Every structure is written in structure tokens, then in C-alpha cells.
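Reading through the C-alpha cells given below for one structure.
All figures in this text were calculated on a predicted structure; none of them were measured in a lab.
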Amino acid sequence: MSVNNRKSKDVEEPASIERKSSLVQVTTPDGKIEETEIGEGNEEISKENRQGLLKVLGKAVGFDITAIALPVTVNEPASFLMRLCEQMQYSELLDKAAQAEDSIERLTYIAVFACTLYTVAERMGKPFNPLLGETFEYLNNERSGFKFVAEQVSHHPPIAACYAEADGWKFWEAQRLKTKFTGNSLDCSVEGSNNVLIKATNEHFKWVAVKTCVHNIIVGRMWIDHYGEFEVVNKSTGEKAKIRMKECGWFSKGWHEVNGEIYDAQGKECIILHGKWNEAIYAKANPKYAATLAASADKEEGEDSDSSPGGKSKKDAKKEKKKADLARKKVQKEMKKQLRKKLTSDEPIWTHNIKLLPNLDDPKNKYLVDWTQATLDMTVMDAEMKRHLPPTDSRLRADRAALQEADTKTAAAEKHAIEEKQREERRKREKEGKEWTPRWFKAGKDEDQQDVWEFTNTYWTERENRLAQ
């Protein structure tokens with residue numbers, strides 16, 4: 001039985017909730033039907049929270065709830081903009097794609113990266129809705145010069161735009177989240193595309209997100225399912241990856257499973273992908289492509305490793321450029337050797353190896369459920385950061401900071417004050433006939449004439465100016 005079939009039960013649950021009995025039926029991830037009392041479920045989600053959600057969402061069945069103010073205690077102390085940054089925790093796959101020697105290799109790494117974006121999307125804590133104009137920046141030189149910036153460019157509808165860059169690639173996306181509350185579950189879909197540009201080759205890769213369903217929001221053990229099909233397309237060559245993330249069925253069949261194929265520009269299958277997007281993904285070369293790899297390996301063994309790339313003679317190449325080219329070629333050959341081994345063995349091309357923080361007994365860590373050290377690092381502010389961060393940065397939100405200290409009373413008060421201020425600013429703009437203009441992104445159209453939010457690059461200039469003061 002598929003999740004879609006089980007969703008019909010979700011719709012019927014509000015009627016059951018109003019009965020004298022406090023027991024209702026819910027569906028667990030393993031496909032079982034259980035009776036549970038209203039308000040019971042995940043240990044990390046209190047009965048009071050569940051009852052509060054029921055009160056808020058009881059009349060929202062069938063509607064988009066992105067604009068509904070929810071109790072602060074259902075949040076985690078992070079903004080949705082921070083979650084967009086965290087989803088890129090396996091950006092080393094993009095580093096490998098940028099260093100890869102041929103386009104099929106690059107497509108393979110980028111297709112796997114697209115699946116890993118969901119590794120942070122199983123946490124039950126809801127990120128804070130970003131305020132209009134809210135931003136978040138994150139830099140980590142140890143990750144090949146990784147830097148990230150995001151901005152909430154629209155509030156109604158809610159749209160968050162982000163841009164990331166490292167030594168060999170650029171990444172950008174804009175997410176418009178749409179939701180539908182069905183009684184005890186929440187169906188989510190994202191409008192917008194994910195994009196990667198490889199700097200050395202100027203290749204553009206593009207794909208869209210799959211669907212998400214959050215089950216048992218009011219009653220039962222909450223769980224999340226990401227499912228659907230998508231294609232990662234190399235817009236420069238026509239090569240594509242077809243990916244399928246399976247929908248959870250009876251007895252958890254298919255939950256977290258992913259499979260797909262990598263096709264060349266002529267539509268010939270080269271590589272098969274399979275695994276679980278929250279554990280490991282394997283890439284296997286089909287027999288014909290494996291033979292091509294073997295022939296390539298034999299050819300490389302016979303080549304002069306000191307030859308200049310691109311057919312240029314040593315006399316025509318400058319000494320420094322030649323040295324850099326040879327170093328790059330050496331890296332590419334080693335990467336190709338490693339990938340060739342993975343494509344013809346049982347070794348995964350990627351493994352989910354970022355561990356959760358250990359169980360923390362300190363009551364102040366109550367809302368850091370299923371966080372990693374990387375998640376925690378994104379909230380850290382030293383004195384230098386406080387000096388140069390713009391006042392719009394997510395770290396500086398008073399409600400978020402209070403919740404991180406488990407001060408729910410202050411967090412709720414600050415959240416209400418922030419939301420009221422935002423409503424007042426919107427009323428003022430409407431009265432004056434003004435429209436909000438994002439500062440760091442601008443609306444445009446991509447090569448497919450689809451809506452896109454383009455990064456203006458001025459954020460980093462402004463940041464340098466703040467640091468220089």
C-alpha cells in the first residue's frame with residue numbers, strides 16, 4: 001500500500017479528533033495502523049505542543065499553512081536560510097565534479113550531490129520562517145573556499161534565494177515552498193530549480209526538487225518522506241541523469257531508496273545509481289561503459305605523463321602554467337582512477353558520514369534535536385562576527401537565540417514582536433504604494449525562460465567594506 005493511499009486516512013482524522021474518544025488511528029513508517037491518544041507521539045514533541053498545533057491547524061485542512069503563525073516550541077533554533085546552507089554539507093561532491101576529467105564523471109558527482117541535499121531534511125524541528133529581507137552568510141576556507149549567502153526575497157509567497165561558491169563551481173537556487181495541510185499530514189512542494197556551474201568548463205547543470213510529506217503532525221510518531229522523480233541535465237552537452245526517490249510503502253518498503261541512470265548526449269545509458277540517500281549511494285558502470293573505462297585506462301598508461309594539456313607544445317607553454325596544468329592533470333588522473341574503481345566494484349561513490357551530536361543532558365540543548373556539529377557551528381558568533389555581520393543575519397534573531405538557550409518564554413515573546421513589526425512594515429509599504437526590493441538578488445529569467453533570482457555579487461563587496469571599517 002502506497003503513502004498516497006494512506007493519506008486518505010489523514011484527511012479523515014479531524015472528524016475522529018472531535019469524537020468523545022481520544023484515540024485515533026495513525027500510520028507508522030513501517031505501514032502499521034496504530035491507535036494513539038491525541039497529543040502523543042515523538043518524545044521530543046510534547047503533548048502540549050501537539051494540542052497547540054491542533055488548535056492552530058484545526059481549521060486549516062486543505063490550505064497552505066506557510067503564513068500561519070505556529071507555537072515557537074515546534075521550531076528548532078535555526079532559520080530556513082540556515083537549513084539551505086546546511087543542505088550543502090556534502091559540497092565536496094561538487095569539488096570532485098569540478099576536478100573531473102570528463103562530463104559524464106561530472107554529471108555523476110552532481111547527480112549524487114542532488115540526492116544528498118535531503119540528508120538534513122529528516123529533522124522534526126521546524127526552522128523559523130525567514131523575515132522579509134533576512135540574510136544568512138557562511139564561509140569556510142577549509143572547504144575549497146566555500147562561501148554561501150541567502151536572502152528572503154519575498155514573504156507572500158515565501159521565496160528564499162541562495163548562492164554558494166567554491167574554487168571550482170557555483171551553485172544557486174530559489175525556493176518557493178507550497179504546503180497543503182491534510183488533517184494530520186503536510187504535503188510540501190518546492191517551485192524553483194537547483195543549478196550548478198562548473199567554472200573550468202562553463203557547464204551548467206539544472207534540476208528540480210521532489211515532493212515531501214510530513215506524516216503524523218498532530219497524532220502518532222512523526223516521520224518524513226521525500227519522493228518523486230527528477231532529472232539532472234547538463235544544459236551544455238545534453239547529457240542527463242534520471243533519478244527516482246522511492247515513496248515509502250508497506251513495512252517501510254522503498255523508504256529512503258534512490259535509483260537512477262546516467263545517460264550520454266546520445267541517450268545511451270552509461271552508469272546506474274542505487275542506494276539510500278540517507279546512508280550511501282553506489283554508481284555502477286554498465287558493461288559497454290566499463291569497457292570504455294578500461295580502454296581509457298590502458299591508453300593513459302601509455303601516455304607520456306609530462307605532455308602538455310590541450311596538445312600545446314612545451315615551447316609554447318609558459319613554465320608556471322605548464323606546472324599548474326600538469327598538477328591539475330595529475331589530480332584528474334588520480335580522481336578518474338578512484339572513480340573507475342568505484343564504478344566497477346562494490347565501493348560506494350558517497351557515504352553519509354556526518355554524525356549527529358551525542359545526546360546532550362543539558363536542558364539548554366532541548367531544542368538541538370538531531371543536530372550535527374556543522375549545524376551548531378552555523379549558529380556560533382564570536383566577537384569579530386558580531387562586528388561585521390549585517391543586522392539582517394539569521395544568527396542575530398532574538399527569538400532564535402532565546403530558543404537555542406531553551407528560553408521558550410522569551411523566544412515566544414520575541415517571535416511575536418518580530419512578526420508584528422513585519423506586519424506593520426508591510427502595512428506601511430502598502431499605504432505608501434511601495435513594493436519591497438531585495439538587496440542582494442534580482443528577479444530574472446533563465447535560459448529556459450523560467451523565473452530565477454540572480455545573485456548580484458554585491459554582498460561580498462559590502463562585506464569586505466564592513467570588515468575594513
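Salt bridge status for Glu454 with Lys445: absent, with no side-chain N to carboxylate O gap under 4.0 Å. Note on Arg427 versus Glu424: salt bridge recorded, some NZ/NE/NH1/NH2 to OD/OE distance being below 4.0 Å. For the pair Glu405 and Lys364, the salt-bridge criterion is met [side-chain N within less than 4.0 Å of a carboxylate O]. A salt bridge does not link Lys96 with Glu92: every distance from a Lys NZ or Arg NE/NH1/NH2 to an Asp or Glu carboxylate oxygen is 4.0 Å or more. Ion pairing of Glu425 with Lys428 is absent here, as no side-chain N (NZ or NE/NH1/NH2) approaches a carboxylate O to less than 4.0 Å.
Here the side chains of Trp223 and Cys248 are in contact, with some heavy-atom distance below 4.5 Å. Counting only heavy atoms from C-beta outward, the side chains of Thr372 and Glu86 approach each other to under 4.5 Å. Within the 4.5 Å cutoff, the side chain of Glu137 has heavy atoms near those of the Pro390 side chain. Residues Leu117 and Trp207 have side chains in contact (heavy-atom distance under 4.5 Å, counting atoms from C-beta outward). Residues Asn75 and Asp399 have side chains not in contact (no heavy-atom distance under 4.5 Å, counting atoms from C-beta outward). Glu203 is not listed as a side-chain neighbour of Leu107, based on a closest heavy-atom distance of 4.5 Å or more. Between Arg123 and Val369 the shortest side-chain heavy-atom distance does not fall below 4.5 Å. Between Glu261 and Arg244 there is a side-chain heavy-atom pair separated by less than 4.5 Å.
Shown here are the salt bridge (Lys or Arg N to Asp or Glu O under 4.0 Å) partners of Glu462, two or more places apart in sequence or in another chain: Arg439. With sequence neighbours excluded, the residues that form a side-chain contact (heavy atoms from CB on, under 4.5 Å) with Lys386 are Met381. Residues satisfying the side-chain contact (heavy atoms from CB on, under 4.5 Å) criterion with Thr437, sequence neighbours excluded, are absent altogether. Taking Tyr263 as the reference, nothing meets the ring pair (Phe, Tyr, Trp, His ring centres under 6.0 Å) condition, with sequence neighbours excluded. Remark: Arg143 pairs with no residue by the salt bridge (Lys or Arg N to Asp or Glu O under 4.0 Å) rule, at least two apart or across chains. Partners of Gln450 under the side chain to side chain donor-acceptor pair (under 3.5 Å) rule, at least two apart in sequence or in another chain, are Lys206. Residues satisfying the side-chain contact (heavy atoms from CB on, under 4.5 Å) test with Ala412, not counting sequence neighbours, are Val72. Scored by the side-chain contact (heavy atoms from CB on, under 4.5 Å) test, Glu430 finds Arg426 as partners (sequence neighbours excluded). Under the rule for a ring pair (Phe, Tyr, Trp, His ring centres under 6.0 Å), the partners of Phe441 that lie at least two apart in sequence or sit in another chain are Phe455. Gln373 pairs by the side chain to side chain donor-acceptor pair (under 3.5 Å) definition with Asp377, not counting sequence neighbours.
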Can you check side chain to side chain donor-acceptor pair (under 3.5 Å) on Asn353 and Thr351, steps first, answer last?
-> CA-CA 6 Å; Asn353 55 18; Thr351 302; over 6 Å; no
Take Trp371 and Leu356, measure what side-chain contact (heavy atoms from CB on, under 4.5 Å) needs, and give me the verdict at the end.
-> CA-CA 6 Å; Trp371 276 33; Leu356 300 178; over 6 Å; no
Could you walk me through whether Tyr138 and Phe146 pass the side-chain contact (heavy atoms from CB on, under 4.5 Å) test, one step at a time?
-> CA-CA 8 Å; Tyr138 182 78; Phe146 179 89; 3.8 Å; yes
Working for side-chain contact (heavy atoms from CB on, under 4.5 Å), residues Leu81 and Cys162 | CA-CA 8 Å; Leu81 302 184; Cys162 71; over 6 Å; no
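The two residues Arg106 and Ala100 have their closest heavy-atom pair at NH1-O, 3.1 Å. Smallest separation of non-hydrogen atoms from Ala161 and Val153: CB-CG1, 4.0 Å. Taking every heavy atom of both residues into account, Ile418 and Ala398 meet most closely at CD1-N, 4.4 Å. When all heavy atoms are compared, the tightest approach of Arg397 to Pro130 is NH1-CA, 3.8 Å. Across every non-hydrogen atom of Tyr367 and Glu76, the tightest pair is O-CB, 4.0 Å. Minimum interatomic distance between Ala111 and Leu273 (heavy atoms only, all atoms of both residues): CB-CD1, 4.2 Å.
Between the side chain of Asp187 and the backbone N or O of Thr182 there is no donor-acceptor pair closer than 3.5 Å. Side chain of Asp407 to backbone of Ala402: no donor-acceptor contact under 3.5 angstrom is found. Using modelled atom types, no side-chain atom of Asn194 and backbone atom of Ala114 make a donor-acceptor pair closer than 3.5 Å. Here the side chain of Gln422 pairs no donor or acceptor atom with the backbone of Leu131 at under 3.5 angstrom. The backbone N or O of Leu70 lies less than 3.5 Å from a partner atom in the side chain of Lys415, making a donor-acceptor pair. Distance alone, capped at 3.5 Å, places no donor-acceptor pair between the Arg395 side chain and the Thr379 backbone. Listed for the Glu151 side chain is a donor-acceptor partner under 3.5 Å among the backbone atoms of Trp440.
Atom CG of Asp225 and atom CE of Met245 lie 8.5 Å apart (nearest 0.5 Å). For the atom pair CD1 of Ile110 and CD of Glu105, the computed distance is 11.5 Å after rounding to the nearest 0.5 Å. Of the inter-residue distances, the one linking Ile354 atom CD1 with Thr375 atom OG1 reads 8.5 Å to the nearest 0.5 angstrom. In this structure, the separation between NZ on Lys235 and NE2 on His204 is 7.5 Å, given to the nearest 0.5 Å. Atom CZ in Phe148 sits 4.5 Å away from atom SG in Cys85 (nearest 0.5 Å). The structure places CG of Leu94 at 10.0 Å from CZ of Phe205, a figure rounded to the nearest 0.5 Å.
By the 6.0 Å contact criterion, CG on Asp362 is enclosed, its count of non-hydrogen atoms from other residues, nucleotides or ligands being greater than 12. Atom NZ of Lys211 has 12 or fewer neighbouring heavy atoms from other residues, nucleotides or ligands inside a 6.0 Å radius.
Cation-pi geometry between Arg466 and Tyr459 is met: the NZ or CZ atom falls under 6.0 Å from the ring centre, inside 45° of the normal.
Contacts classified as side chain to side chain donor-acceptor pair (under 3.5 Å) and involving residues 112-122 (residues at least two apart or in different chains) are given here: Gln89-Thr119, Glu122-His256.
Aromatic pair His155/Trp436: centroids not less than 6.0 angstrom apart.
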List the atom pairs, with distances to 0.1 Å, where a side-chain N or O of residues 164-174 and a protein N or O form a donor-acceptor pair under 3.5 Å, not counting sequence neighbours.
| from | atom 1 | to | atom 2 | distance (Å) |
| --- | --- | --- | --- | --- |
| Glu165 | OE1 | Tyr163 | OH | 2.8 |
| Glu165 | OE2 | Lys199 | NZ | 2.8 |
| Trp169 | NE1 | Asp95 | OD1 | 2.7 |
| Glu173 | OE1 | Gln175 | NE2 | 2.9 |
| Glu173 | OE2 | Gln87 | NE2 | 2.4 |

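Between the side chains of Thr408 and Thr73, no donor-acceptor pair is found at a separation under 3.5 Å.
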